[in-house]
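The structure appears right after this line, and notes come after that.
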Amino acid sequence: MNSCWCIPKKDDPDFIACMEDVPDVYELPYNAERPVVCMDEKPYQLPGDAGEPFPMRPGNDLKTDSEYVRNGTCSIFAFIEPPGGRHHVSVREHRTAVDRAEEIKYLVDVMYPDAEKIILVMDNLNTHKPASLYRRYPASEAGRIIKKPEIHFTPKHGSRPDIAEIELNVMTRQCLSRRIDDIAALRMEPASWESERNSTCAKVNWQFRTRDARIRRASLYPVFIPASEQRQL
């Protein structure tokens with residue numbers, strides 16, 4: 001079976017502009033008045049056991065049948081402030097523009113009510129638009145909320161630079177690596193994980209710089225021919 005990859009377009013200035021912008025944001029000096037925060041969300045399936053697992057006993061692990069029951073899906077939203085070590089995870093039944101708007105309001109009013117500006121990094125999902133706030137809240141309230149974040153998008157078809165995506169992958173490995181068939185039970189797991197991450201002030205030391213992108217992703221950049229060589233052509 002062939003492997004699937006996220007392959008960016010070559011010679012795409014829009015992709016390059018976003019790819020350089022996000023590492024530049026991560027290099028900003030820490031400023032509690034202007035925190036750098038990353039946001040992402042992921043779908044999560046609620047699988048249940050089709051039959052009773054064989055319990056653990058001396059010398060044998062728990063044995064779960066490969067067949068499972070689908071109990072619907074939900075979405076997990078995550079915020080992380082990489083240099084400040086602040087984390088928030090929430091589980092929602094849906095991943096609509098309204099859900100996203102409510103999460104942004106939580107970021108502004110609960111997580112950082114006193115911040116001068118929130119430097120927000122997120123991917124280019126179609127619900128990640130200011131219009132989502134106006135869909136959920138009256139214009140005066142939506143306008144108030146949207147003034148706080150300064151949004152920086154990762155490249156389309158290239159969300160890897162979003163540290164919140166890494167955060168969700170870590171959370172999935174550490175506390176969701178088994179079947180959880182109920183959304184109420186699921187909410188308890190990320191909540192406990194979030195509490196642990198915040199108590200230890202788990203930070204992220206991002207190492208990929210713009211100068212690295214220009215070397216390691218050189219094939220994606222537009223090629224320019226010097227004027228002297230163009231005349232020779």
Side-chain angles (χ1 to χ4, degrees), residues 14-42 76-91 99-125 127-130 132-133 142-156 158-175 189-217:
D14 289 336
F15 185 95
I16 296 301
C18 291
M19 185 176 70
E20 292 207 349
D21 178 53
V22 172
D24 285 346
V25 168
Y26 293 156
E27 288 193 65
L28 294 172
Y30 177 72
N31 184 349
E33 296 297 318
R34 300 175 63 88
V36 173
V37 180
C38 302
M39 176 188 183
D40 197 19
E41 63 263 26
K42 66 171 290 181
I76 304 176
F77 288 76
F79 291 111
I80 174 175
E81 183 190 349
R86 191 168 183 181
H87 308 255
H88 174 68
V89 183
S90 62
V91 178
D99 292 289
R100 186 259 180 185
E102 292 176 352
E103 289 294 324
I104 294 294
K105 187 177 189 299
Y106 182 90
L107 173 73
V108 169
D109 291 347
V110 179
M111 293 184 70
Y112 299 97
D114 300 322
E116 171 189 317
K117 185 69 69 175
I118 301 170
I119 314 300
L120 182 59
V121 176
M122 63 175 69
D123 63 25
N124 267 292
L125 195 65
T127 58
H128 291 178
K129 307 296 181 186
S132 65
L133 287 162
R144 178 191 69 82
I145 296 168
I146 200 60
K147 285 181 172 65
K148 182 70 74 73
E150 176 187 301
I151 299 176
H152 296 257
F153 289 110
T154 60
K156 290 183 179 179
S159 62
R160 289 288 181 87
D162 186 351
I163 294 176
E165 182 175 304
I166 302 171
E167 174 93 337
L168 284 170
N169 289 335
V170 173
M171 182 203 65
T172 300
R173 291 197 305 269
Q174 292 184 350
C175 71
E189 297 296 326
S192 297
W193 185 82
E194 172 192 321
S195 178
E196 173 67 19
R197 298 281 278 182
N198 283 322
S199 66
T200 60
C201 196
K203 302 179 181 180
V204 176
N205 184 12
W206 184 263
Q207 295 292 318
F208 190 75
R209 312 298 187 195
T210 298
R211 61 178 179 271
D212 301 318
R214 291 175 181 174
I215 296 171
R216 296 174 59 181
R217 301 290 184 265

Checklist outcome for this item: Taking every heavy atom of Phe77 against every heavy atom of Arg100, the minimum-distance pair comes out as CE2-CA, 4.2 Å
Item to check | Pair Asp109-Arg144, side-chain contact (heavy atoms from CB on, under 4.5 Å): steps then yes or no | outcome: CA-CA 10 Å; Asp109 291 347; Arg144 178 191 69 82; 2.8 Å; yes
Next on the checklist: Looking at Arg216 and Asp212, is any side-chain nitrogen of the basic one under 4.0 Å from a carboxylate oxygen of the acidic one?
Outcome noted: no
Checklist entry - Do Thr172 side-chain atoms and Leu168 backbone N/O form a donor-acceptor pair below 3.5 Å? => result yes
Checklist entry - Given the rule in the side-chain contact (heavy atoms from CB on, under 4.5 Å) test, do Val121 and Phe153 qualify, once you have shown the distances and angles that lead to the verdict? => result CA-CA 6 Å; Val121 176; Phe153 289 110; over 6 Å; no
Next on the checklist: Taking the side chain as everything from C-beta on, heavy atoms only, tell me whether Val91 gets closer than 4.5 Å to Pro190.
Outcome noted: yes
Checklist entry - Between Glu165 and Lys42, is there a side-chain N and carboxylate O pair less than 4.0 Å apart? => result no
Checklist entry - Is it true that a side-chain atom of His87 and a backbone atom of Ala202 form a donor plus acceptor pair closer than 3.5 Å? => result yes
Item to check | Sidechain N-carboxylate O distance under 4.0 Å for Glu167, Arg197 | outcome: yes
Checklist entry - Nearest 0.5 Å, what's the CD1-CH2 distance between Ile166 and Trp206? => result 4.5 Å
Item to check | Val25 to His152 - nearest heavy-atom pair and separation | outcome: CG2-ND1, 3.5 Å
Checklist entry - So, the side chain of Lys117 versus the backbone of Lys147: is there a donor-acceptor pair under 3.5 Å, distance only? => result yes
Checklist entry - Are Trp193 and Val170 close enough that some pair of their side-chain heavy atoms sits under 4.5 Å apart? => result yes
Item to check | Close side-chain approach of Pro155 and Met19, heavy atoms under 4.5 Å | outcome: yes
Checklist entry - Do Tyr106 and His88 have their ring centres less than 6.0 Å from each other? => result yes
Checklist entry - Is any side-chain heavy atom of Ile118 closer than 4.5 Å to a side-chain heavy atom of Arg34? => result no
Checklist outcome for this item: Separation between CG (Leu120) and CD (Glu150), nearest 0.5 Å, reads 10.0 Å
Item to check | Between Thr154 and Asp123, a side-chain donor and acceptor under 3.5 Å | outcome: no
Item to check | Sub-4.5 Å side-chain heavy-atom contact between Asp24 and Arg209 | outcome: no
Checklist entry - Rounded to the nearest 0.5 Å, how far apart are CG of Asp114 and CD of Glu33? => result 8.0 Å
Next on the checklist: For Asn205 and Gln207: C-alpha separation, side-chain torsions, deciding distance, then whether side-chain contact (heavy atoms from CB on, under 4.5 Å) applies.
Outcome noted: CA-CA 6 Å; Asn205 184 12; Gln207 295 292 318; 2.9 Å; yes
Checklist entry - Would a 4.5 Å heavy-atom cut-off, applied to side chains only, mark Lys203 and Pro82 as touching? => result no
Item to check | Separation between CG of Leu107 and CZ of Phe79, rounded to the nearest 0.5 Å | outcome: 4.5 Å
Item to check | Atom of Asn198, atom of Gly85 and distance for their closest heavy-atom approach | outcome: OD1-O, 3.7 Å
Checklist outcome for this item: In this structure, SG of Cys175 is separated from CD of Glu194 (nearest 0.5 Å) by 11.0 Å
Next on the checklist: I'd like to know whether CZ of Arg160 has more than 12 heavy-atom contacts from other residues, nucleotides or ligands below 6.0 angstrom.
Outcome noted: no
Next on the checklist: Does any part of the side chain of Cys38, heavy atoms only, come nearer than 4.5 Å to the side chain of Tyr26, both counted from C-beta?
Outcome noted: yes
Checklist entry - Do Met122 and Ile104 come close enough that some side-chain heavy atom pair is under 4.5 Å? => result yes
Checklist entry - Got a second to check how far Tyr30's OH is from Glu81's CD, nearest 0.5 Å? => result 5.0 Å
Checklist entry - What are the two closest non-hydrogen atoms of Thr210 and Glu27, and how far apart are they? => result N-OE2, 4.1 Å
